[in-house]
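Worksheet: the structure to be examined is printed underneath.
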Protein chains: 2
Amino acid sequence: MSAAASPAPRPKGTRQRGVISRLLIAAEGPLSVPELHSRALTELPSLGVATVYRTLKLLQEQGAAHIVTLDGENLYEASGRGHHHHFACRSCGRVFTLSTCPVALPPGTVYPGGFVVEAHEVTLYGQCPACAAAQG
Amino acid sequence: MSAAASPAPRPKGTRQRGVISRLLIAAEGPLSVPELHSRALTELPSLGVATVYRTLKLLQEQGAAHIVTLDGENLYEASGRGHHHHFACRSCGRVFTLSTCPVALPPGTVYPGGFVVEAHEVTLYGQCPACAAAQG
DNA sequence: ATGGTTGCAAACAGTTTGCATCCTG
DNA sequence: CAGGATGCAAACTGTTTGCAACCAT
């Protein structure tokens, strides 16, 4: 590579990883790899996807992030937000994090049929506030 | 069951597609492509995966089947069972279809935050009856 | 014979991994 | 200078598609 023009500012302690996890934490909801990569590119022009995947895997192993598969697409989200679910807007496609839970199924509950529930996942689909306001 | 004599027991108008959709309908829950393929192989020894995928795509276009992504794996399920959800056993890995719904969110409901709910999806994780009985 | 169906393999998209290089300490 | 981090490209896995052979009508 050619030497360059100006020294780029970089995070300390880790290299691009910091930026990636920061973006993940700052996100309004789970992000796809392309989306995360593209957001990171504005700060790290030479970032490769491999690094994004590697970082995500690391974060998952550390329990700092986890994967959410929605409509067949893999999204990543920072951990530590406690119990929550997601809302996928059918108009703008964005995914939001919901704070309230619509089901009462504490771990240990025996569901009709004899299924012992240990955890549950809920995803709501519809119109987000903005899209609902824009059109009916 | 079909007549055992000479007339080959093949559906009219389609070839292996019939077998595949029959297996899908008979399944106890959504199936993965490898699983569906392997079940079909017992009846159609030369069946290729491509045909399975092609058939599934056709069935989806006809609204006779739909995809269910669970833990990042794509599963296929016959349609027409009305509103239902799934239970994934963490021990045996099998996925079951539940008949009762644990949430009360009729379409049109406005969820806290202003999200207009059009549909919802629920997945429960835990021990299926068999696995729960086998071990605590 | 004709058109829809299928198997095989190549093509593809998303994700992971090997390797040489670059960076931080 | 050493060890970890990164980019690039090859390797993989799951899914789709092109094409010639195949089957039922």
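Below, read A as the first sequence line, B as the second, and so on, with proteins coming before strands; counting in each chain starts at 1.
Rounded to an integer number of Å, the gap from CG of Leu47(A) to P of dA5(D) is 14 Å. Remark: P of dT16(C) and CG of Leu59(A) are 13 Å apart, rounded to the nearest angstrom. One atom, CD1 of Ile67(A), and another, P of dT16(C), lie 8 Å apart when rounded to the nearest Å. In this entry the distance linking CD of Glu73(A) with C1' of dT15(C) reads 14 Å, nearest Å. The CD-P distance, from Gln60(B) to dT15(D), rounds to 11 Å in whole Å. Taking atom CD of Glu43(B) as the reference point, atom P of dT6(C) lies 14 Å away to the nearest angstrom. When rounded to the nearest whole Å, the span between CG of Leu36(A) and C1' of dT15(C) equals 14 Å. Residue Leu58(B) contributes atom CG, which lies 17 Å from atom P of dT15(D) at whole-angstrom precision.
Residues passing the side chain to side chain contact (heavy atoms under 4.5 Å, CB included) test with His84(A), sequence neighbours excluded: Glu77(A), Arg81(A), His86(A), Thr97(A). Partners of Ser21(B) according to the side chain to side chain donor-acceptor pair (under 3.5 Å) rule, which considers only residues two or more places apart in sequence or in another chain, do not exist here.
Dashed line: the shortest gap from a side-chain N or O of Asn74(B) to OP1 or OP2 of dG14(D) is not under 4.0 Å. Look at Arg17(A) and you'll find a side-chain N or O under 4.0 angstrom from OP1 or OP2 of dT6(D).
For the pair Gly48(A) and His37(A), the tightest heavy-atom approach, listed with the atom from each and the gap, is C-NE2, 3.9 Å.
For residues 106-135 of chain B, the ring-ring contact (aromatic ring centres under 6.0 Å, His included) pairs, not counting sequence neighbours, are Phe87(A)-Phe115(B), Phe96(A)-Phe115(B), His83(B)-His120(B), His85(B)-His120(B). Under the side chain to side chain donor-acceptor pair (under 3.5 Å) criterion, no residue pair touches residues 48-64 of chain B, with sequence neighbours excluded.
Side-chain proximity of Thr51(B) to dT15(D), dG7(C), dG7(D): nearest is dG7(C).
A 6.0 Å sphere centred on CZ of Arg90(A) holds more than 12 heavy atoms belonging to other residues, nucleotides or ligands.
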Hey, what are the protein-to-nucleotides 17-21 of chain C N/O distances that come in under 3.5 Å?
{"from": "dT17(C)", "atom 1": "OP2", "to": "Lys57(A)", "atom 2": "NZ", "distance (Å)": "3.4"}
{"from": "dG18(C)", "atom 1": "O6", "to": "Arg54(A)", "atom 2": "NH1", "distance (Å)": "3.2"}

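If you chain together ILVMFWY residues whose side-chain heavy atoms come under 4.5 Å of each other, Leu58(B) ends up in a group of its own.
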